[in-house]
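Accompanying notes for the structure given below.
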Amino acid sequence: MNRLVVIDAAIFVLTAISAAGGSWCYHDSSCDDTTWPTIASGNCNGSRQSPINIVSASARGDATLTTFTFTKYGDITTMKNIKNTGKTVIVELTSGVQITGGALSEAYDSLQFHLHWGNGTSVPGSEHTVDGTRYPMELHIVNAKSSHNGNTTTAVTDGTGLAALGFFIEAIPGNVTGSPAAWKTLTSYLANITLKDEYVNITHAISLDELLEGVDRTKYYRYHGSLTTPNCNEAVVWTVFKDPIKVSQDLIDIFSTTVRIEHNSTSDLMTNIFRNIQTVNGWVVTTQPSSTTALPVSGASTTSSSLGIVALACMLLTV
Ligand SMILES: *[C@@H]1O[C@H](CO)[C@@H](O)[C@H](O)[C@H]1NC(C)=O
Ligand SMILES: *[C@@H]1O[C@H](CO)[C@@H](O)[C@H](O)[C@H]1NC(C)=O
Ligand SMILES: *[C@@H]1O[C@H](CO)[C@@H](O)[C@H](O)[C@H]1NC(C)=O
Ligand SMILES: *[C@@H]1O[C@H](CO)[C@@H](O)[C@H](O)[C@H]1NC(C)=O
Ligand SMILES: *[C@@H]1O[C@H](CO)[C@@H](O)[C@H](O)[C@H]1NC(C)=O
Ligand SMILES: *[C@@H]1O[C@H](CO)[C@@H](O)[C@H](O)[C@H]1NC(C)=O
Ligand SMILES: *[C@@H]1O[C@H](CO)[C@@H](O)[C@H](O)[C@H]1NC(C)=O
Ligand SMILES: [Zn+2]
């Protein structure tokens, strides 16, 4: 029963992101992101909209930005299915995947992840930028506050109802191909979902930790923003990790050359699926304070073991 609730929640969140009382798009001037602020009932004209350009030198030090504990991120059976929504590619997670810590007010359930990209490695398509730099891709893990019990209708009306984890993806230099293995496995599914609304179950053993390999998950930026797709609800605690995930160029290129935006093999390939940078209206981006002394680890008894922390040091709603 719980399982169904979470599944429905994931689908709702996906829908909330991709439906928005009318159609929205990335490419056509009649429905692209310049038109989203006029979508009735939407919040895309709000004052804490995402994504933003993060100015690293202006990020304020905040010692309360502690480490996360990731539950079931090492589990190789949490990815249920992968779907082409016509706007992105989304992987639905099973129930019980969770994040705590990271200065979040309570546990958040990890519902799904999806990606934003440009056009191969040559045209970058991350949503957030750092000091003006756009990365080739960005992975978003969407989490909903556990006390909403999977009800994303109420979660999006709560200013901190959702927590999104953003991970940049950059290309491994040189001629490396098919790396990392988990990304090779994940991208192998794209050939099965070339058309909008197609989905397949994921049958390979693959974990979130494997996809997030190489990222120091204790170093991140934090701000309060929105979904990056209509209805742009201002309900998202954003965590944008500083370290990018490194993926070989051939695998990055598969995204922009395989999946299409309609249920039609002659429709356009899905490229440049990111919202443009939004205005920062005086609110603040925070990060771990730079310091020569180690940060105190408070509440050690409730955090993961040191082994777990070492493991962590190695991670869209389409928000
Ligand atoms: C945003 O748009 C909605 C719907 O059109 C409107 O009701 C609201 O006043 C607008 N908000 C701002 C800040 O312009
Ligand atoms: C993406 O790149 C390919 C290969 O360079 C090019 O043929 C295509 O026109 C580009 N698509 C867009 C939308 O720019
Ligand atoms: C979510 O909460 C709202 C408001 O309390 C309620 O009307 C709705 O039925 C709930 N949805 C689900 C799926 O429980
Ligand atoms: C990459 O491959 C090309 C063509 O096979 C080769 O000419 C080049 O030296 C390789 N570069 C590296 C860094 O291995
Ligand atoms: C995915 O596609 C491959 C070949 O393109 C096919 O062999 C495989 O059976 C498909 N898998 C699913 C689950 O449809
Ligand atoms: C996909 O998984 C669901 C849930 O486990 C199952 O009901 C469904 O039959 C599977 N679909 C296929 C095509 O295997
Ligand atoms: C598929 O797309 C082409 C061109 O985009 C269009 O002419 C055709 O009518 C579409 N077919 C269907 C079944 O939608
Ligand atoms: Zn997203």
Side-chain angles (χ1 to χ4, degrees), residues 1-14 16-17 43 48 50 60 62-75 78 92-114 139-167 208-209 212 215 217-228 233-241 283-289 295-305 308-309 311-313 315-319:
M1 201 55 183
N2 276 343
R3 185 182 169 98
L4 284 173
V5 168
V6 173
I7 291 165
D8 289 348
I11 290 167
F12 176 88
V13 170
L14 171 60
I17 289 152
N43 310 288
R48 44 172 276 207
S50 297
R60 196 178 67 197
D62 179 354
T64 70
L65 296 177
T66 52
T67 57
F68 288 94
T69 297
F70 297 89
T71 302
K72 289 182 81 169
Y73 275 53
D75 187 319
T78 56
E92 195 186 345
L93 302 172
T94 57
S95 62
V97 188
Q98 237 182 26
I99 56 172
T100 56
L104 298 173
S105 58
E106 58 174 274
Y108 282 67
D109 300 315
S110 303
L111 306 178
Q112 49 103 327
F113 71 84
H114 62 268
L139 167 68
H140 288 160
I141 303 179
V142 179
N143 308 269
K145 200 185 262 183
S146 293
S147 57
H148 287 288
N149 293 314
N151 189 332
T152 47
T153 307
T154 56
V156 296
T157 64
D158 171 351
T160 58
L162 300 170
L165 306 182
F167 294 87
L208 288 163
D209 280 344
L212 306 179
V215 176
R217 281 181 253 167
T218 68
K219 304 277 196 310
Y220 57 85
Y221 297 106
R222 165 63 50 79
Y223 76 97
H224 290 245
S226 74
L227 302 184
T228 66
N233 304 70
E234 296 185 328
V236 184
V237 181
W238 273 99
T239 301
V240 178
F241 292 86
W283 29 269
V284 207
V285 175
T286 55
T287 188
Q288 287 73 31
L295 287 174
V297 177
S298 59
S301 62
T302 61
T303 63
S304 54
S305 66
I309 289 167
L312 295 184
M315 177 166 153
L316 222 88
L317 306 194
T318 347
V319 279

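This is a predicted model, so every value here is computed, not measured.
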Quiz item: Under 30°, 30 to 60°, or over 60°: which ring-plane class applies to His140 and Trp238, parallel, tilted or perpendicular?
Solution: perpendicular

So, does [X] use its side chain to make a donor-acceptor pair with the main chain of [Y] at under 3.5 Å?
| X | Y | result |
| --- | --- | --- |
| Thr71 | Val97 | no |
| Glu106 | Ser147 | yes |
| Asn151 | Thr153 | yes |

About how many Å separate [atom2] of [Y] and [atom1] of [X], when rounded to the nearest 0.5 Å?
| X | Y | atom1 | atom2 | answer |
| --- | --- | --- | --- | --- |
| Leu212 | Leu165 | CG | CG | 8.5 Å |
| Lys219 | Gln288 | NZ | CD | 7.0 Å |
| Asp109 | Thr152 | CG | OG1 | 11.5 Å |
| Thr239 | Tyr221 | OG1 | OH | 13.0 Å |

Exercise. State which residues pass side-chain contact (heavy atoms from CB on, under 4.5 Å) with Arg48; sequence neighbours excluded, sorted by chain then number.
Key: His224, Glu234, Trp283

Exercise. Apply side chain to side chain contact (heavy atoms under 4.5 Å, CB included) to Leu93 and Leu208, showing your working.
Key: CA-CA 10 Å; Leu93 302 172; Leu208 288 163; 4.2 Å; yes

Practice problem: For the pair Phe241 and Leu139, evaluate side chain to side chain contact (heavy atoms under 4.5 Å, CB included) and give the outcome as yes or no after the intermediate values. | Solution: CA-CA 10 Å; Phe241 292 86; Leu139 167 68; over 6 Å; no

Quiz prompt | Option from Thr157, Leu227, Leu162 for which side chain to side chain contact (heavy atoms under 4.5 Å, CB included) with Asn233 holds | solution = Leu227

Self-check item: Partner residues of Asp158 under the salt bridge (charged side-chain N to carboxylate O under 4.0 Å, His left out) criterion, sequence neighbours left out
Solution: Lys145

Looking at every non-hydrogen atom in both residues, tell me the closest pair between [X] and [Y] and how far apart they are.
| X | Y | value |
| --- | --- | --- |
| Tyr223 | Val284 | CB-O, 3.7 Å |
| Ala103 | Leu65 | CB-CD2, 3.9 Å |
| Arg222 | Phe68 | NH2-CZ, 3.6 Å |
| Ala235 | Ala155 | CB-O, 3.9 Å |
| Ala144 | Leu111 | CB-CD1, 3.9 Å |
| Ile99 | Ala163 | CD1-CB, 4.5 Å |

Exercise. Would you please name every residue forming a side-chain hydrogen bond (donor to acceptor under 3.5 Å, both in side chains) with Thr100, sequence neighbours left out?
Key: none

Quiz prompt | Residues Ser110, Phe70; criterion side chain to side chain contact (heavy atoms under 4.5 Å, CB included); working and verdict | solution = CA-CA 9 Å; Ser110 303; Phe70 297 89; over 6 Å; no

